[in-house]
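This one's a predicted model, so the numbers in the text were calculated from it and none came from an experiment. Ligands are counted one by one from 1 in listed order, and the atoms in each one are counted from 1 as well.
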Amino acid sequence: MANVESFDLDHTKVKAPYVRLAGVKKTPKGDSISKYDLRLLQPNTAAIEPAAIHTLEHLLAGYLRDHLPDVVDVSPMGCRTGMYMAVIGAPDEAGVLKAFEAALHDTANHDRPIPGVSELECGNYRDHDLAAARQYAKNALAGGLKVQPTVLIQR
Ligand SMILES: [Zn+2]
């Protein structure tokens, strides 16, 4: 089976909330695609409920694109402690940190309908929790986001 970057990260050594450059891929034509680990909760201590992380996905998908150019994708982690984000190019982590903070600020203050919430636009449109999503965004901001270096598991 192919090697997966996140399985080499020592999840006991990181301190959430944080932004971490998870990896950079070069396309055959020489472009870079960078993947970031946007962690909201400390791994293995808690998890964001499915409805709340679903709403965070809908809100951060738009708000991160408002603050950072060339976002390819923002997706929730299966462990429900954060999001992955893929970006064209290699923006520095400090810039991504600023954009994530701004997007979380927008999310914490979001008081309009959740974007993309209809049977036409979403695969589980009843499963959302805006109040909880706003609270997780607020908590992450209060927790003091920082840049987290990758700590590899010593095998
Ligand atoms: Zn959805």
ask   = Is it the case that Asp106 and His67 place a side-chain donor and acceptor less than 3.5 Å from each other?
value = yes
query = With no hydrogens and no angle check, do the side chains of Tyr63 and His105 hold a donor and an acceptor under 3.5 Å apart?
reply = no
inquiry  = Listing by chain and number, which protein N, O or S atoms are under 2.8 Å from the Zn ion (ligand 1)?
reply    = His54 NE2, His58 NE2, Cys122 SG
request  = Give a yes or no on this: more than 12 heavy atoms of other residues, nucleotides or ligands lie within 6.0 Å of atom NZ of Lys146.
outcome  = yes
inquiry  = Pairing donors with acceptors under 3.5 angstrom, does anything connect the side chains of Thr150 and Arg20?
reply    = yes
ask   = Would you find a donor on one side and an acceptor on the other, under 3.5 Å apart, between the side chain of Ser32 and the backbone of Lys26?
value = no
ask   = Can you find a pair of side-chain heavy atoms, one from Leu56 and one from Pro76, that are under 4.5 Å apart?
value = no
